[in-house]
Amino acid sequence: MELTHEEQQMLDGKYGEGVAIAMKVQVAVGEAFGAERMVEISRAHVALSNQDADLWFAEKLVNGGARCRISPTVNPGFNLEYFQDVTTISPEDESVIKRTRAAYKAIGAILTYSCTPYLEENIPRFGEITAYSESSATPYMNSVYGARTNRESAQSALCAAVTGRTPLYGFLLDANRKGQVLVEVQATLRDDSDYSMLGYCAPKKMGFGVPVFTGIDNPSPEGLMNLGAQLNTAGAVTMYHIVGVTPEARTLEAAFQGEEPQKRVVITDQDLQEMRQALSASTGKIDFAMFGCPHLTIGQVAQIAGQVEGKRLQAELWICTSFQTKELASRMGFMDVISRAGGHIVEDSCVDQPCWHHLYGKKGVTDSPKCAYYTKRRNMEFVLRSIPECVDAAIRGEVA
Ligand code: F3S
């Protein structure tokens with residue numbers, strides 16, 4: 001790769017060992033993808049994970065003196081204070097969590113601990129060059145905002161934040177943003193959870209490529225958030241287009257950049273229904289309801305509060321969200337309503353963190369296929385329903 005004088009100095013260690021490691025990783029990634037040079041970024045988001053390898057890498061950069069040029073927002077972790085009364089945590093997990101927090105603080109990250117930064121505090125303009133990791137964030141950036149990012153790992157996004165650069169390849173280039181597969185949506189998308197099922201279903205039918213959806217009108221931000229999250233649970237979709245909705249798909253022709261689709265698939269109501277059934281555990285008694293994968297918005301929290309007001313939940317109800325949304329929920333009285341019903345709103349945490357030991361081996365309801373998929377390794381099983389249906393199940397203690 002051709003590096004600028006400053007980039008070469010970063011690589012040679014003039015800015016310290018941590019920066020040199022970050023640049024070395026980026027040069028290797030760039031060469032693997034045939035990038036000719038680096039470009040500057042103006043935003044980043046790091047999907048930190050509280051796992052050993054992630055911690056090892058972050059500490060390696062910190063110990064080498066690295067500081068972020070572009071402060072990234074970060075993914076959820078584990079809210080130690082909230083969970084101390086409801087679950088146990090091993091000393092090893094606790095140590096990893098505390099060290100991860102310390103490392104990301106030291107490197108200069110913005111400690112947002114949310115997986116939906118693109119809805120709250122890290123919002124790009126059209127065409128902005130960025131480096132985002134996290135399943136729903138990457139497609140939202142590319143598709144909904146028309147910003148540009150590759151599907152970064154936590155490590156490559158952190159390197160970009162440290163150097164302020166990313167290799168110029170992939171979805172940063174016009175040609176790779178072209179639609180490849182025409183996905184004709186004949187299914188009726190009644191609510192945001194149907195966008196989740198569409199997102200889970202589409203990669204199974206189309207395989208790899210950039211999907212161009214037709215038949216979708218006026219999706220909500222939550223619907224688009226769900227669509228991106230599930231496209232990257234069942235598949236690997238850095239970018240999609242929705243004709244007439246997303247900014248690089250004003251027409252079908254624009255979405256395909258004047259070329260013909262390589263493939264065409266149709267998604268029907270029956271496809272969504274069959275997928276929901278295949279992912280769901282059997283109906284009947286449930287122990288809990290889990291929401292917030294991705295983190296719920298204030299509108300979704302309001303919806304749940306409205307439904308549980310004056311009721312007493314028969315099953316545990318957990319909502320994961322950002323600290324901003326939790327604060328808003330508190331100001332607007334939703335926290336009190338949900339707490340009085342017996343539910344919980346937790347900030348900074350994620351369904352895929354080791355904070356749910358008391359739910360292992362139990363059955364829940366959720367609106368998120370990603371939640372159901374990721375928690376299999378924690379021996380949790382789920383019935384998939386829309387948010388209102390899940391809340392109704394938590395009120396009754398069973399799901400039909
Ligand atoms: Fe967010 Fe964790 Fe789900 S990062 S999308 S809550 S697996």
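In each ligand, atom 1 is the first atom listed, and ligand 1 is the first ligand listed. Just so you know, residue 1 is the first one in the sequence shown, and it goes up from there.
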Please determine whether a side-chain nitrogen of the Lys or Arg among Lys311 and Asp392 lies less than 4.0 Å from a carboxylate oxygen of the Asp or Glu. no
Using a heavy-atom cut-off of under 4.0 Å, does the side chain or the backbone of Lys370 touch ligand 1, or both, or neither? side chain
Atom 1 (Fe) of ligand 1 - nearest protein heavy atom and its distance: Cys115 SG, 2.4 Å
Does Gly292 come within less than 4.0 Å of ligand 1, judged by its heavy atoms? yes
Measuring centre to centre across the rings, with the benzene-like ring taken for any Trp, is Phe382 within less than 6.0 Å of Phe288? yes
Between Asp54 and Tyr104, is there a side-chain donor-acceptor contact under 3.5 Å, judged purely by atom types and distance? yes
For Asn75, the ligand 1 atoms with a heavy-atom partner under 4.0 Å come out as 4 (S)
For Asn226 and Gln230, test the side chains for any donor-to-acceptor distance below 3.5 angstrom and give the result as yes or no. no
Provide the number and element of each atom of ligand 1 under 4.0 Å from a heavy atom of Pro76. 4 (S)
Establish, for the pair Arg43 and Tyr118, whether the NZ or CZ atom is under 6.0 angstrom from the six-membered ring centre and no further than 45 degrees off its axis. no
Where does Cys293 meet ligand 1, judged by heavy-atom distances below 4.0 Å: at the side chain, the backbone, both, or neither? both
Give a yes or no on whether Cys350 keeps an N, O or S atom under 2.8 Å from atom 1 (Fe) of ligand 1. no
